[in-house]
Amino acid sequence: MRAKQIPSSLTRSKSQILLLFFPLSLILLSFLFLLFPPSDPAASSTTHPYPHPLIPPQTSFVASLEHFLTHKALNHRSSDDTVRSLLQDDVRMFDDRKFAKEMDWVHGDPYYPLNFPIRVYVYQMPNKFTYNLLWLFRNTYRETSNLTSNGSPVHRLIEQHSIDYWLWADLIAPESERLLKNVVRVHRQEEADLFYVPFFTTISFFLLEKQQCKALYREALKWVTDQPAWKRSEGRDHIFPIHHPWSFKSVRRYVKNSIWLLPDMDSTGNWYKPGQVSLEKDLILPYVPNVDLCDAKCVSESESKRTILLFFRGRLKRNAGGKIRSKLVTELAGAKDVVIEEGTSGDQGKAAAQKGMRRSIFCLSPAGDTPSSARLFDAIVSGCIPVIISDELELPFEGILDYRKIAIFVSSADAVQPGWLLPFLKGISSTQIREMRKNLVEFSRHFMYSSPAQPLGPEDLVWRLMGGKLVNIKLHTRRSQRVVKESRSVCTCDCRSGNNTASSTLSEI
């Protein structure tokens with residue numbers, strides 16, 4: 001059957017329509033592309049940096065711990081190669097494996113040892129050092145009548161110093177749930193840059209009987225120091241959370257080479273013995289804030305309500321460097337637009353402190369029993385400009401954060417000088433105050449521990465600063481191993497000749 005013929009005029013008109021249609025289609029597609037660009041993984045991660053951007057991170061220690069113990073701890077399983085019975089050649093064999101792995105990194109990574117992520121091995125200690133202590137806190141934290149000798153609520157203190165929980169919970173979480181990319185957990189010790197010791201020193205100090213606590217400290221010390229990795233480095237690449245100045249006190253002289261996570265350096269010598277702590281090896285971490293975060297909206301809405309010039313609520317009499325508090329009370333008592341009041345424990349005290357800080361322009365942050373004070377971080381997350389009066393204070397993350405942008409520093413001598421402090425604060429311009437308050441909103445994220453741990457949060461900054469310590473750690477580790485190996489060779493030689501003098505020399509090292 002012959003095909004039906006189409007008139008040529010109609011064919012030409014359709015061709016013209018098609019020619020016109022293609023350019024219009026291209027223009028329309030280009031327009032749609034501009035309006036709705038295709039999804040790009042990199043762009044998506046910038047817009048929504050977290051897997052669940054609509055679910056806020058948990059910042060309450062009690063709530064986070066409850067979820068951890070009831071949903072994660074019971075099902076937690078992971079491989080582990082921790083040595084529990086040390087043999088004579090374990091340290092040498094481990095050192096050989098570590099040397100081989102480090103040579104691979106030297107030849108394969110042009111940025112080693114300054115590279116990220118940092119590889120951390122988390123010891124799987126017996127439950128009595130970890131999970132059992134968390135359960136003990138969880139089952140007793142409502143006993144608010146449990147106070148220290150100076151009247152501070154025990155469980156509130158544990159929450160303020162709970163950095164050991166936040167770091168550990170992040171490290172052992174499945175990689176699919178973690179947001180930090182500058183640190184990874186490894187399951188072979190020879191692959192590790194650093195070793196994390198997950199012993200809850202503060203919980204054990206406050207919730208166990210004195211002798212029971214000391215016995216547990218000795219057990220933990222023996223467990224850790226029996227590990228080949230410890231003996232290889234003499235503990236220099238091991239991290240201990242010792243965030244309360246009283247915790248681990250009876251045995252910490254034996255771990256003085258290790259990296260300590262501290263609330264401050266306390267250069268006064270009241271809490272740490274000479275040679276135990278230093279900025280070279282240790283890290284200062286912020287206290288966990290005791291008040292709720294006042295975010296950008298909260299700070300904006302509270303600006304007109306900040307009618308108090310200077311606010312302080314807390315213990316008015318402290319020991320050591322904290323004696324400055326009583327002098328400040330004498331100087332500022334009865335001054336207009338100044339609130340200085342004794343703090344009380346419990347939820348009512350927390351609510352009163354939070355309300356006062358959100359109504360104040362400046363918050364007084366004098367030294368406590370140690371140069372630092374948890375009140376500093378309460379002020380920061382409340383949008384209240386801290387007035388820091390502590391001559392010996394070393395601050396968390398000072399190598400990264402510029403505290404001059406969010407705080408006023410005043411020497412103790414100036415602060416107690418009659419008639420000096422309040423005129424000084426009143427002389428600060430409203431423009432500078434607004435700028436500092438804006439900076440407080442931005443800085444608050446650096447002091448809010450959370451689960452999951454957030455980029456630019458305190459957990460993240462810990463590992464950024466820890467990376468700078470790795471070179472010195474490796475240098476000292478190899479130096480100590482060189483001395484030990486030379487001593488071994490001398491010992492072997494002398495022993496063969498029947499001379500035992502080298503054995504005594506080796507035991508002294």
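Since we're looking at a predicted model, the values are computed, not measured. When a residue number appears, it is its place in the shown sequence, counting from 1.
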Discussion item. Between Glu191 and Tyr121, does the side-chain contact (heavy atoms from CB on, under 4.5 Å) criterion hold? Intermediate values first, please.
Written reply: CA-CA 8 Å; Glu191 296 176 355; Tyr121 181 89; over 6 Å; no
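- Side chain to side chain, His243 and Thr202 fail the donor-acceptor criterion of an N or O pair below 3.5 Å.
- By the side chain to side chain donor-acceptor pair (under 3.5 Å) test, Trp260 pairs with no residue at all, sequence neighbours left out.
- Minimum interatomic distance between Met125 and Val224 (heavy atoms only, all atoms of both residues): CE-CG2, 3.9 Å.
- Among residue pairs with one or both ends in residues 393-472, none qualify as disulfide bond (SG atoms under 2.5 Å apart); sequence neighbours excluded.
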Discussion item. Please determine whether side-chain contact (heavy atoms from CB on, under 4.5 Å) holds for the pair Asn257 and Arg236, giving the CA-CA distance in whole Å, both sets of side-chain angles, and the decisive distance to 0.1 Å.
Written reply: CA-CA 5 Å; Asn257 291 333; Arg236 287 185 173 88; 3.9 Å; yes
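- Partner Phe199 forms a ring-ring contact (aromatic ring centres under 6.0 Å, His included) with one of Phe205, Phe129, Trp223 and no other, that one being Phe129.
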Worksheet item: What's the verdict on side-chain contact (heavy atoms from CB on, under 4.5 Å) for Cys384 and Arg306, showing C-alpha distance, side-chain angles and the deciding distance?
Response: CA-CA 9 Å; Cys384 185; Arg306 295 184 183 269; 4.1 Å; yes
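- Using a 4.0 Å cut-off between a side-chain N of Lys or Arg and a carboxylate O of Asp or Glu, Asp402 and Arg404 qualify as a salt bridge.
- Considering CD of Glu394 and CG of Leu279, their distance stands at 4.5 Å, rounded to 0.5 Å.
- Atoms OG and CG, on Ser373 and Leu364 in that order, are 9.5 Å from each other to the nearest 0.5 Å.
- For Asp391 (side chain) and Ser412 (main-chain N/O), a donor-acceptor pair under 3.5 Å exists by modelled atom type.
- For Asp460, the salt bridge (Lys or Arg N to Asp or Glu O under 4.0 Å) partners two or more places apart in sequence, or in a different chain, are Arg464.
- Remark: Trp230 pairs with His238 by the ring-ring contact (aromatic ring centres under 6.0 Å, His included) rule, at least two apart or across chains.
- Between Leu69 and Leu134, some side-chain heavy-atom pair lies under the 4.5 Å cut-off.
- With sequence neighbours excluded, the residues that form a ring-ring contact (aromatic ring centres under 6.0 Å, His included) with Phe240 are Phe248.
- Contact of the Leu167 side chain with the Trp463 side chain is registered, since non-hydrogen atoms from C-beta on lie closer than 4.5 Å.
- To the nearest 0.5 Å, atom CD of residue Gln276 and atom CZ of residue Arg253 are 9.0 Å apart.
- Looking at residues two or more places apart in sequence or on another chain, you find no salt bridge (Lys or Arg N to Asp or Glu O under 4.0 Å) involving Glu209.
- Between Ser162 and Phe137, the closest side-chain pair of non-hydrogen atoms is not below 4.5 Å.
- One finds the CG atom of Asn132 at 11.0 Å from the CZ atom of Phe200 (value rounded to the nearest 0.5 Å).
- With salt bridges taken as basic N to acidic carboxylate O contacts below 4.0 Å, one links Arg178 and Glu175.
- Taking the six-membered ring where tryptophan is involved, the planes of Trp271 and Trp246 are tilted, since the angle between them lies from 30° to 60°.
- Between the Arg119 side chain and the Val184 main chain, no donor and acceptor come within less than 3.5 Å of each other.
- Phe362 has its side chain out of reach of Leu421: every pair of non-hydrogen atoms, C-beta onward, lies at least 4.5 Å apart.
- Of all non-hydrogen atoms in Leu216 and Ser204, the two that sit nearest each other are CD2-CB, 4.2 Å.
- Looking only at distances, a side-chain donor or acceptor of Ser233 sits under 3.5 Å from a matching main-chain atom of Gly235.
- Here the closest non-hydrogen pair linking Leu393 and Ser372 is CD1-CA, 3.6 Å.
- Proximity of Pro198 to Asp164: side-chain heavy atoms (C-beta onward) are nowhere separated by under 4.5 Å.
- Under a 3.5 Å cut-off, the side chain of Thr201 and the backbone N or O of Pro241 do form a donor-acceptor pair.
- Put simply, the side chain of Arg325 reaches to within 4.5 Å of the side chain of Phe312, judged on heavy atoms.
- Side chain of Lys281 to main chain of Ser258: a donor-acceptor pair is present (N/O by atom type, distance under 3.5 Å, no hydrogens or angles).
- Taking the six-membered ring for Trp and thresholds of 30 and 60 degrees, Phe447 and Tyr403 have ring planes inclined between 30 and 60 degrees apart.
- Every residue two or more places apart in sequence or in another chain that forms a ring-ring contact (aromatic ring centres under 6.0 Å, His included) with Tyr165 is listed here: Phe61, Phe68.
- Results of the side-chain contact (heavy atoms from CB on, under 4.5 Å) test with Leu157 over Glu159, His155, Gln160 single out Gln160 as the only residue that passes.
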Exercise answer: donor-acceptor pairs, residues 330-341 side-chain atoms, under 3.5 Å, sequence neighbours excluded:
residue : atom : partner : partner atom : Å
Thr330  : OG1  : Ser326  : O            : 3.1
Glu331  : OE2  : Gly419  : N            : 2.9
Glu341  : OE2  : Arg313  : NH1          : 2.9

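- Under the side-chain contact (heavy atoms from CB on, under 4.5 Å) rule, Ile389 has a single partner from Ile324, Ile408, Val416, which is Ile324.
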Enumerate donor-acceptor pairs with a distance under 3.5 Å from any side-chain N or O in residues 431-445 to protein atoms, sequence neighbours excluded.
residue : atom : partner : partner atom : Å
Asn439  : ND2  : Lys405  : O            : 3.1
Asn439  : ND2  : Glu435  : O            : 3.3
Ser444  : OG   : Ile380  : O            : 3.4
Ser444  : OG   : Leu440  : O            : 2.7

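- Between His71 and His67, the ring planes lie parallel to each other; the angle is under 30°, not in the 30° to 60° tilted range.
- Note that the CE atom of Met265 and the CG atom of Asp282 stand 5.0 Å from one another [nearest 0.5 Å].
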Item to complete: Please test Leu283 against Lys469 for side-chain contact (heavy atoms from CB on, under 4.5 Å), starting from the C-alpha separation and ending with a verdict.
Response: CA-CA 10 Å; Leu283 270 184; Lys469 297 183 180 295; 3.7 Å; yes
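- Every pair passing ring-ring contact (aromatic ring centres under 6.0 Å, His included) that includes a residue from residues 404-441 is listed here, sequence neighbours excluded: Trp420-Phe424.
- Atoms OG and CG, on Ser382 and Asp292 in that order, are 8.5 Å from each other to the nearest 0.5 Å.
- The nearest pair of heavy atoms linking Ser250 to Tyr217 is OG-CD1, 3.5 Å.
- For the salt bridge (Lys or Arg N to Asp or Glu O under 4.0 Å) test, no residue two or more places apart in sequence or in another chain qualifies with Asp378.
- Under the 3.5 Å distance criterion, the side-chain polar atoms of Gln58 are left unmatched by any main-chain donor or acceptor of Ala63.
- Between the side chain of Gln454 and the main chain of Pro452, a donor-acceptor pair closer than 3.5 Å is present.
- For the residue pair Tyr254 and Thr225, no side-chain donor N or O sits within less than 3.5 Å of a side-chain acceptor on the partner.
- Annotation for Glu459 and Trp166: closest pair OE2-CB, 3.8 Å, computed over non-hydrogen atoms.
- Residue pairs meeting the salt bridge (charged side-chain N to carboxylate O under 4.0 Å, His left out) criterion with at least one member in residues 415-427: none, sequence neighbours excluded.
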